[in-house]
Asker: 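Handing you a structure now.
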2 protein chains.
Amino acid sequence: MNKKHPERLTPAEARNMLKDIFANAGIKLTPQRIEIFREVYGTDSHPSAEAIYDKLKQKMPTISIDTIYRTLGTLEKLGLINRVSALDRQSRFDANTEKHHHFICTECGRITDFYWPSFDSSSLPDELKAHGRILSRHIEVRGICTECLQKKKK
Amino acid sequence: MNKKHPERLTPAEARNMLKDIFANAGIKLTPQRIEIFREVYGTDSHPSAEAIYDKLKQKMPTISIDTIYRTLGTLEKLGLINRVSALDRQSRFDANTEKHHHFICTECGRITDFYWPSFDSSSLPDELKAHGRILSRHIEVRGICTECLQKKKK
DNA sequence: TCCTTATTAAGATTAATTCTTATTTAAGAA
DNA sequence: TTCTTAAATAAGAATTAATCTTAATAAGGA
């Protein structure tokens with residue numbers, strides 16, 4: 001149940017993975033897009049746009065924060081990543097496209113994934129049909145992560 | 001299962017309800033705080049700070065947006081209301097303190113409540129214990145609300 | 001290799017939220 | 001009831017996340 005996220009991709013692997021998806025969507029595959037995808041795909045840290053920017057500036061010193069935001073939006077539209085609602089006001093992004101849910105630490109804001117396939121395939125209350133057409137479901141568990149509990153003991 | 005939210009409180013009722021809570025917390029009960037609480041408590045529309053501001057300016061023309069934000073933060077700390085993660089970047093607030101979950105329309109952003117007591121009392125996956133101490137759980141269902149479905153037909 | 005058009009970088013702009021400071025007021029004491 | 005004082009407010013400035021504008025660049029097909 002404790003699935004690990006795939007390893008970080010090489011640029012060539014990422015290009016290979018994205019090539020057809022981008023071609024079909026009729027949009028260009030730029031080095032910026034490849035690098036930004038690699039940053040989100042290769043980690044389960046749910047990075048913010050800012051965090052990705054800080055990281056990528058090292059390899060691509062002229063990249064602009066606007067490109068990060070635009071590309072994250074593009075990747076979101078393509079269904080390659082998801083925007084996660086966080087505690088603070090920065091959006092966080094997630095390339096784990098397997099069905100999963102989030103544990104959010106109310107102390108430090110860290111987001112970790114958990115899996116619950118039996119919930120994913122169970123039926124929701126009938127009442128919900130009256131609200132509209134359902135597209136997805138997601139559980140947010142809030143609490144204090146083990147690391148913050150440790151710190152508090154001291 | 002389709003619980004209705006309580007009616008809007010009179011200022012006197014709100015004062016009565018908040019008096020001890022504020023006294024115990026050692027903070028002052030101002031007219032602004034009473035009015036802001038009434039706005040969130042008496043509705044299930046999950047208003048934004050901006051929406052509350054626009055509404056209250058009519059009765060209290062000199063109230064400032066900063067007071068709205070500060071007071072919402074205070075009410076949140078007291079556990080009287082909750083901050084809801086919305087689709088757009090404005091926070092939304094909710095004084096429905098009964099256990100409930102949200103249906104969020106991806107078209108118009110409207111948030112509606114639903115109830116699922118059997119989920120609330122069911123046990124979560126064991127795996128989660130390793131993440132930390134759990135304080136709460138909440139389901140977000142995304143979809144297209146009946147109103148937006150109607151509009152699309154036309 | 002060349003062309004066309006989408007994409008990018010840079011910096012300006014917007015919008016939500018928070019901070020600073022002088023003024024006002026709630027609530028307890030006299 | 002009036003006084004006192006710390007806490008709360010209003011106003012406007014500041015900050016920060018995110019988006020927009022525009023001129024320069026580069027992807028990808030011809």
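The structure presented is a predicted model; accordingly, all values stated were derived computationally and were not measured. Each chain gets a letter, A, B and so on, in the order the sequences are listed, and its residues count up from 1.
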Asker: Any base atoms under 4.0 Å from A:I63, or only sugar-phosphate, or nothing? Heavy atoms, all strands.
Answerer: sugar-phosphate
Asker: So which one's nearest nucleotide on DNA chain D is more toward 5', A:E50 or B:D66?
Answerer: B:D66
Asker: Figure out the CZ/P separation between A:R89 and D:dA18, and round it to whole Å.
Answerer: 9 Å
Asker: With DNA chain C as reference, determine whether B:Q90 or B:Q32 sits nearer its 5' end, using the nearest nucleotide of each.
Answerer: B:Q90
Asker: Under 4.0 Å from OP1 or OP2 of D:dT9: is there any side-chain N or O of B:T62 that close?
Answerer: no
Asker: Could you check how far NZ of A:K57 sits from P of C:dA9, rounded to whole Å?
Answerer: 13 Å
Asker: Would you say C:dT7 has OP1 or OP2 under 4.0 Å from some side-chain N or O of A:T67?
Answerer: no
Asker: Applying a 4.0 Å non-hydrogen cut-off, can you work out what A:S91 is touching in the nucleic acid: base, sugar-phosphate, or nothing?
Answerer: sugar-phosphate
Asker: How many Å lie between CZ on A:R33 and C1' on D:dT25, as a whole number?
Answerer: 14 Å
Asker: Between atom CD1 in A:I68 and atom P in C:dT8, what is the gap in whole Å?
Answerer: 10 Å
Asker: Quick one: A:R15 CZ to D:dA27 P, roughly how many Å, whole number?
Answerer: 8 Å
Asker: Apply side chain to side chain donor-acceptor pair (under 3.5 Å) to A:Y53 and A:D66, showing your working.
Answerer: CA-CA 9 Å; A:Y53 179 57; A:D66 179 62; over 6 Å; no
Asker: So does B:K28 reach the base of D:dA6 with its side chain, donor to acceptor, closer than 3.5 Å?
Answerer: yes
Asker: Less than 4.0 angstrom from a charged side-chain N to a carboxylate O is my criterion; do B:K151 and B:E107 meet it?
Answerer: no
Asker: Please report, rounded to the nearest Å, how far the C1' atom of D:dA26 is from the CD1 atom of A:I27.
Answerer: 16 Å
Asker: Taking atom C1' of D:dA17 as reference, at what distance in whole Å does atom CD1 of A:I65 sit?
Answerer: 9 Å
Asker: Got a salt bridge between B:K129 and B:E127, using NZ or NE/NH1/NH2 to carboxylate O under 4.0 Å?
Answerer: no
Asker: Which class fits the ring pair B:H131 and A:F114: parallel under 30°, tilted 30 to 60°, perpendicular over 60°?
Answerer: perpendicular
Asker: Does a nitrogen or oxygen in the side chain of A:R70 sit under 4.0 Å from OP1 or OP2 of C:dT8?
Answerer: yes
Asker: Honestly, is B:R137 close enough over B:F119, meaning NZ or CZ under 6.0 Å from the six-membered ring centre and within 45° of the axis?
Answerer: yes
Asker: Could you please name the option among D:dG28, C:dT8, D:dA11 that lies closest to any side-chain atom of A:L29?
Answerer: D:dG28
Asker: Take atom OH of A:Y69 and atom P of D:dA17, then tell me their distance rounded to the nearest Å.
Answerer: 7 Å
Asker: A:P31 near the nucleic acid: base, sugar-phosphate alone, or nothing, with a heavy-atom cut-off under 4.0 Å?
Answerer: sugar-phosphate
